[in-house]
Number of protein chains: 2
Amino acid sequence: MTVTLADVAARARVSPATVSRVLNGNYPVAAATRERVLRAVDELDYVLNGPASSLAAATSDLVGILVNDIADPFFGIMAGAAQTEIGIQEAPDATGFARADAAGAAEAAGPHAPGAGRRRAGGQKLAVVCNTVGSPERELTYLTLLQRQRAAAVILTGGALEDADHGAAVTAALRRLAAAGTRVVLCGRPPLPDDDVAVAALAFDNRGGGRRLAEHLLALGHRTIGYVAGPLERTTTRHRLEGHREALRAAGLPAAGSGGAQDPLTLHGPYTRRSGYEATRELLRRQPGLTAVVAANDTVALGACAAVRDEGLRIPQDVSVAGFDDLPFSVDATPALTTVRLPLQEAGARAGRLAMGTEAPPPGGIATIGAELMARASTAPPRA
Amino acid sequence: MTVTLADVAARARVSPATVSRVLNGNYPVAAATRERVLRAVDELDYVLNGPASSLAAATSDLVGILVNDIADPFFGIMAGAAQTEIGIQEAPDATGFARADAAGAAEAAGPHAPGAGRRRAGGQKLAVVCNTVGSPERELTYLTLLQRQRAAAVILTGGALEDADHGAAVTAALRRLAAAGTRVVLCGRPPLPDDDVAVAALAFDNRGGGRRLAEHLLALGHRTIGYVAGPLERTTTRHRLEGHREALRAAGLPAAGSGGAQDPLTLHGPYTRRSGYEATRELLRRQPGLTAVVAANDTVALGACAAVRDEGLRIPQDVSVAGFDDLPFSVDATPALTTVRLPLQEAGARAGRLAMGTEAPPPGGIATIGAELMARASTAPPRA
DNA sequence: CTGTTAGCGCGTTCAG
DNA sequence: CTGAACGCGCTAACAG
C-alpha cells in the first residue's frame with residue numbers, strides 16, 4: 001500500500017540503488033537521471049522509510065534532548081536553541097554533491113504548495129525533546145529508548161540528581177550510548193566522573209553566581225539573609241548554595257550550615273512559585289530580623305515576593321529579594337528582580353552544535369559558562 | 001560488535017523468536033524460559049534495535065508533539081501534560097520478572113504482559129516534542145520527518161497559520177500521515193477543513209474568552225479599550241480579536257475594524273513582552289483617552305504593564321490591563337493580572353490520551369474547551 | 001508453548 | 001555513472 005523506494009525506481013526507470021543515491025546525495029548521479037528520480041518521488045508522494053533506512057545504515061537522524069521540566073522556560077529556552085541549531089542542517093557535504101542535490105531538490109519543488117520540496121529533505125536531523133519531569137526512572141527510560149532508536153546524539157540539560165546509585169545508572173546508560181556511537185553532550189550540568197563518555201560538558205558557574213549574588217547583598221549591608229533553596233540532592237541546588245555560603249563565610253558571618261543541615265535560614269523545596277511563597281513566609285516567621293531572601297531561581301523568587309507582600313512588607317525597603325537564571329519575566333516583576341543571568345540561549349545553541357559535531361569540543365571536554373549578576377530594583381540596603 | 005537478538009537467543013538457548021516474544025510480552029512464554037531470556041538480556045546489556053523492530057513490525061513507538069514555541073510555557077504546559085500521559089505506560093517491574101513462576105499463569109491470562117524492566121522496556125512510547133518556532137517550513141519538515149519515522153501519533157498544538165497554501169500543505173501532510181496509520185490529534189487548534197484526517201480536535205474557546213474579557217471591561221465602564229493583538233494570520237489571534245469586537249459591537253460601540261485593518265485601537269505583534277511594551281506605548285500616545293489595554297496573551301500583557309508604568313500611569317487606577325491564558329506567573333504580576341484561563345494541562349493530557357487511543361474521541365471528533373475569565377486586580381473601573 | 005522460515009525497505013558493496 | 005546482490009536485526013506467520 002505504501003510506496004517504497006522500488007516503486008520510485010520503477011517509475012523513474014532506474015534501479016533502487018540509484019534512487020537511494022539521489023535521495024542521500026552522497027554519490028554522483030547524472031543530472032538527467034536525478035531529475036527523473038526526483039520527479040517520480042514527487043509524483044508518487046514518496047517518503048523515505050526511516051526505520052528501514054536506519055537499519056541498513058546503522059544510524060539514525062534522531063537527536064534527543066532531555067529536560068527536567070518542559071514547562072519551565074529555563075529548559076524551554078535551552079532546548080529551543082539546541083533544536084534550532086540542529087534542525088537547520090543541510091545534507092552532508094563531504095563529497096560536495098550534497099549541495100548540488102539540495103539545490104536540485106529546491107528547484108524541482110514543483111507545483112506543490114510551498115515547502116513541498118522539503119518532503120524529501122535528506123540529512124535532516126530530528127531534534128526531539130524528552131521531558132523527564134525530574135524523575136530518575138524516566139530519565140533512564142528515555143535514555144534507553146533513545147539508545148533503542150540508535151539516536152545520533154543525546155543532550156542532557158539542567159542539574160543532575162546527586163544520588164550515587166542513580167548517577168552510576170545514568171553513567172552506565174551514557175556509556176552504552178557512547179559505545180553505540182551516540183554523541184553525548186551535557187548542557188547546564190556538571191561533567192561526569194567518567195571523562196570519556198560525554199563529548200562535552202557545558203557547566204554553568206552556579207557556585208560563582210551564588211557567590212556574587214550573596215556578595216552583592218552583603219555589600220548592601222545585609223547580614224540576615226534567608227535562602228529558599230531548590231530540591232535536595234540536585235547539583236544545581238548544592239552549587240548555588242555553596243557559593244552563597246562561601247560569600248557569607250568570607251564576610252565573617254556564621255556561615256550557616258557549613259555542613260549541618262540545621263541552618264534555620266535555609267529551606268529546601270521544588271522549583272515552584274508555591275515553594276517560594278511558603279518557604280518565605282516560614283522564614284519571615286522564624287526570623288523577624290530577616291532583611292533579604294535569596295531564591296533558588298526566578299520562579300521561586302516570584303513566590304517569595306508574593307509572600308513578602310502578603311506579610312505587609314515592602315520590596316526592597318523592608319526586605320530585598322533575589323532570584324537566579326534571569327528568565328524573561330524577571331525584568332517585569334515589580335520591582336524588577338535582581339538575579340543572576342545564565343546565557344541559556346547561547347549554551348543551548350552551543351550544545352546543539354556539539355551534538356551535531358559542528359563545533360569543536362572545549363579543551364578537556366569541559367567548559368564553564370559564566371553567570372552574571374543582574375542587580376536590579378528588588379534589592380537595596382536594609383532599613384536602619 | 002553490538003549485541004543482537006540472536007546473541008541473546010544463543011545465550012539463553014532458545015530461538016530468536018522466543019526472545020522477541022519475551023521482550024514484547026505479547027505472546028505466552030513459559031516462565032522458566034522467560035527467566036532465562038531475561039537473564040541473558042541483562043548479562044549482555046542487550047537493548048532492542050528500534051529501527052529493525054519498527055521495520056519488521058511496520059510501526060514505531062514514536063509520538064510527535066509539535067509546538068510553536070517551546071520556550072513559552074503555554075506550549076510547555078500542554079506538551080508536558082501530553083508527554084506524561086503518553087510515557088506513563090504500565091510501570092516497569094524491575095524485579096518481578098525474576099520470580100515470575102506463579103505470575104506466569106496470571107500473566108498469560110492478561111491481555112498483554114507488562115513491558116519488561118527498564119532496559120528491556122517494551123511497549124514504551126517515545127513522546128517527543130518538536131519546536132516549529134512558528135515557522136511554516138519547519139512545521140512541514142517535522143511532519144515529514146515524523147512520517148519518515150512512521151510515528152504512531154502526532155499532536156499539533158496551538159494556533160494555526162491562516163495561509164491558504166500552507167494550510168493546504170499541512171492538511172496534505174496530515175492526510176499522508178493518517179493514511180500511513182499515524183493518529184493525528186489537534187490540541188488548542190481549530191479543526192481541519194477536512195473532517196476525516198484528525199482523530200480529534202480540541203479547540204480552545206478563544207472567541208468566547210475574548211468576548212467575556214471585553215464584556216468584563218465594558219461592565220466596569222471602559223469605553224476606549226486598546227488591543228495588542230498577536231501575529232496576523234494566526235487563528236488564535238483572529239478568534240480572540242473577533243470575540244473582543246463582538247462584545248464591543250453588542251455594547252453599541254464603534255466596533256472598530258469590523259473588517260477594516262484601520263482600527264487605531266488595535267496593533268499586531270508577536271507574542272513577546274517587547275511587542276506588548278511597544279504597542280502599548282504607541283496606543284497610549286495615539287489615544288490619550290485610553291482607559292484599558294487588552295493583550296494577546298499574558299506575556300504581552302506584562303510588556304503592556306511595563307509600558308503603562310513607564311508612562312507614569314498606575315494600574316488599574318489610570319489604565320486597566322488584561323491578558324490571556326492565565327500562565328502561572330500571571331497571578332504574581334503586580335497587580336495580579338486579569339486574564340482568561342485556558343485549561344492547558346487538562347487539554348494536553350487529553351490530547352495525549354487521544355493520541356494513545358486511551359480515550360474515545362469526542363462526538364464528531366471536535367471538542368471546544370472552555371475559557372474562563374479570571375478577574376483580578378489589574379482591571380478596575382476607569383477614573384471619572 | 002517453541003522453533004523455522006520469510007521477508008520488512010533500504011544502504012552498500014562489487015561489477016560493469 | 002549505474003545495476004545486481006546481499007544483509008542490517010527483528011517480527012510474523014506457520015508448523016510442530
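Per chain, numbering begins at 1; letters A, B, ... match sequence-line order.
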- Message: Between B:T144 and B:T141, is the side chain to side chain donor-acceptor pair (under 3.5 Å) condition met? List the steps.
- Response: CA-CA 5 Å; B:T144 302; B:T141 300; over 6 Å; no
- Could you tell me which residues satisfy side chain to side chain contact (heavy atoms under 4.5 Å, CB included) with A:P16, sequence neighbours excluded, listed by chain and number? A:A9
- Query: When you check the side-chain N and O atoms of A:D61 and B:Q149, is any donor under 3.5 Å from an acceptor?
  - Reply: yes
- Task: Go through the steps to decide whether A:H166 and A:V170 satisfy the test side chain to side chain contact (heavy atoms under 4.5 Å, CB included), and finish with yes or no.
- Result: CA-CA 6 Å; A:H166 179 64; A:V170 168; 3.4 Å; yes
- Looking only at non-hydrogen atoms, find the nearest pair between B:N68 and B:T157 and report the distance. ND2-O, 4.2 Å
- Query: With the sugar-phosphate defined as primed atoms, P, OP1 and OP2, and the base as all remaining atoms, what B/S/- string results for nucleotides 3-16 of chain D, 5' to 3', for protein heavy atoms under 4.0 Å?
  - Reply: BB---BBBBBB---
